[in-house]
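Okay, structure first, notes after.
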Amino acid sequence: MPELPETQTIAAILNKNLAGKNVLQVQISKDYKALPSTEIFIKAVTGKKIKSVKRVAKNILLELNNGVRILFHLAMTGRLLLWNEKVGSEKWVKIILHLDNGTKLTFSDMRMFGKAAVLSPKQTEELAARYGPEPLDKNTTPQQLFEKIKSKRTNIKNALLDQVVISGLGNIYATDALFLAKINPLTKTSEIAPEDTSRLLDAIREVLEESIKFGGSTLSDKMYVDPFGKEGTYQEHFKIYSKKNCPVCDGKVNFMKISGRGTYFCPACQPIISA
DNA sequence: ATGTTTGTTCCGAT
DNA sequence: CATCGGAACAAACA
C-alpha cells in the first residue's frame with residue numbers, strides 16, 4: 001500500500017523516535033525469512049544503535065552505528081508499528097525489535113509481499129543507484145524526467161509506475177498527478193512533450209506534498225496507518241482516484257485497468273494527445 | 001464464489 | 001538482445 005507519502009511519514013516518525021536507541025533483542029517469526037537470512041539479520045542488528053531512519057524510494061532504511069542498514073519494504077500490506085500503551089494487538093507480526101527504552105518496533109505483513117533485509121554500506125549505495133530521480137528533491141528537473149520517460153516505450157501511466165523513471169510513485173499518486181497535469185494515462189511516452197513533463201513534475205510534487213501534509217492515504221481496508229496507529233486523510237482529497245465524477249467538469253470519470261492497475265481519468269479534462 | 005486490492009519481480013512474448 | 005506486460009506472490013473483504 002504505501003507509496004512515497006506514506007513511506008515518508010513512517011520514516012520521519014521512526015527517525016524522531018528511534019534515533020539513538022539501541023536494539024536489545026530481535027525476534028523473527030518462524031514462518032518468515034529475513035534477508036539475506038534470518039540468522040545473518042539477527043546477528044547484524046542485535047546490540048546495535050540506530051543512528052537515523054531515512055526513506056529511499058518506497059524503502060525505509062534504519063542506519064545502524066556500524067554502517068549497516070536495516071531495509072524494510074512494505075509493498076502492499078506491510079506495517080511498521082511502534083508499540084506503546086496506545087498501539088494495541090497486531091496480527092501478522094513477522095519481526096520484533098526490542099529497544100532499550102522499553103518499547104518495540106514491529107514489522108508485520110499480511111500478504112507477505114514486503115521485505116526485510118540488512119544491507120552493507122556498499123549495498124545501500126547500489127540500492128539508491130537503482131532508482132530514478134526523487135520527485136521532491138529540488139535538484140530533480142523536468143528535463144531529467146523527460147529523458148527518463150523518453151527511454152520507455154509504453155504509456156505514461158506505466159512509465160510513472162516504473163521506479164527507474166521516477167522514485168516513489170504508485171498507482172494512486174500516478175493517477176492523481178496525471179489528472180492534475182491534464183495528461184491522459186494512455187498517452188504514449190513518444191507523444192509526451194517537454195512542456196508536458198514540466199507540468200507533470202509540478203503535479204507530482206503537488207499531490208505528494210499534499211498527501212504528506214495529510215499523513216498519507218488510508219483506504220477502506222485500513223492497511224496503512226502510521227507507526228502510532230494513526231490513519232492518513234489524503235483519501236478525502238483524492239483528485240480523481242476512486243471518483244465517479246470529475247471534480248472539475250462533473251463529467252463521468254472513466255475507469256479502466258492499465259497493466260492490471262485500476263486507473264481513473266476524465267476523458268474531457270485529460271484528452272488523448274493526437275500525433 | 002468471484003472479483004478486487006496502494007508493489008515488485010520473474011518469465012514468456014515481441 | 002532488450003523491453004514490455006501479464007502472471008504470480010497471498011490474504012482479506014464485499
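In what follows, chains carry the letters A, B, and so on, assigned in the order in which the sequence lines appear, proteins first and then strands, with residues in each chain numbered from 1.
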Just the rounded figure in Å: distance from [atom2] of [N] to [atom1] of [X].
| X | N | atom1 | atom2 | answer |
| --- | --- | --- | --- | --- |
| Ile10(A) | dT6(B) | CD1 | P | 17 Å |
| Met112(A) | dT8(B) | CE | C1' | 15 Å |
| Leu161(A) | dT5(B) | CG | P | 13 Å |
| Glu6(A) | dT6(B) | CD | P | 12 Å |
| Phe72(A) | dT8(B) | CZ | P | 17 Å |

Measuring from atom CD1 of Ile96(A) to atom OG of Ser108(A), what distance do you get when rounded to the nearest 0.5 angstrom? 10.5 Å
For the CD atom of Glu6(A) and the CE atom of Met223(A), what is their distance to the nearest 0.5 Å? 12.5 Å
Could you tell me whether a side-chain N or O of [X] sits under 3.5 Å from a main-chain N or O of [Y], the two making a donor and an acceptor?
| X | Y | value |
| --- | --- | --- |
| Asn65(A) | Ile50(A) | no |
| Asn22(A) | Leu24(A) | no |
| Asn254(A) | Pro267(A) | no |

Can you check whether [X] has a side-chain N or O nearer than 4.0 Å to OP1 or OP2 of [N]?
| X | N | value |
| --- | --- | --- |
| Trp92(A) | dA12(C) | yes |
| Arg261(A) | dT5(B) | no |
| Tyr173(A) | dT6(B) | no |
| Gln163(A) | dG7(B) | no |
| His73(A) | dT8(B) | yes |

To the side chain of Met223(A), which of dG7(B), dT6(B), dA12(C) is closest? dT6(B)
Listing time: all N or O pairs from protein to nucleotides 9-14 of chain B that are below 3.5 Å?
none

Check the geometry between Phe113(A) and dA10(C) and answer yes if their rings are stacked (centres below 5.5 Å, planes below 30°), otherwise no. no
Could you give me the stems involving DNA chain B, meaning stretches of three or more consecutive Watson-Crick or G-U wobble pairs whose two defining distances are both below 3.5 Å? B:2-5 with C:11-14, B:7-14 with C:2-9
Give me, pair by pair, the N or O atoms of the protein and of nucleotides 3-7 of chain C that are less than 3.5 Å apart, along with how far apart they are.
residue: dC4(C); atom: OP1; partner: Arg153(A); partner atom: N; Å: 2.6
residue: dC4(C); atom: OP2; partner: Lys152(A); partner atom: NZ; Å: 3.0
residue: dG5(C); atom: OP2; partner: Thr154(A); partner atom: OG1; Å: 2.6
residue: dG5(C); atom: OP2; partner: Asn158(A); partner atom: ND2; Å: 3.3

Assess whether a salt bridge exists between [X] and [Y], defined as any Lys/Arg side-chain N lying under 4.0 Å from an Asp/Glu carboxylate O.
| X | Y | value |
| --- | --- | --- |
| Lys122(A) | Glu126(A) | yes |
| Arg199(A) | Asp196(A) | yes |
| Glu3(A) | Lys58(A) | no |

Do Ser52(A) and Asn15(A) get their side chains close enough for a donor-acceptor pair, meaning under 3.5 Å? no
Check for me whether the distance between the ring centres of Tyr32(A) and Phe41(A) falls short of 6.0 Å. no
Test Tyr173(A) against every option in Phe179(A), Tyr241(A), Phe238(A), Tyr234(A) by the ring-ring contact (aromatic ring centres under 6.0 Å, His included) rule and name the one that passes. Tyr234(A)
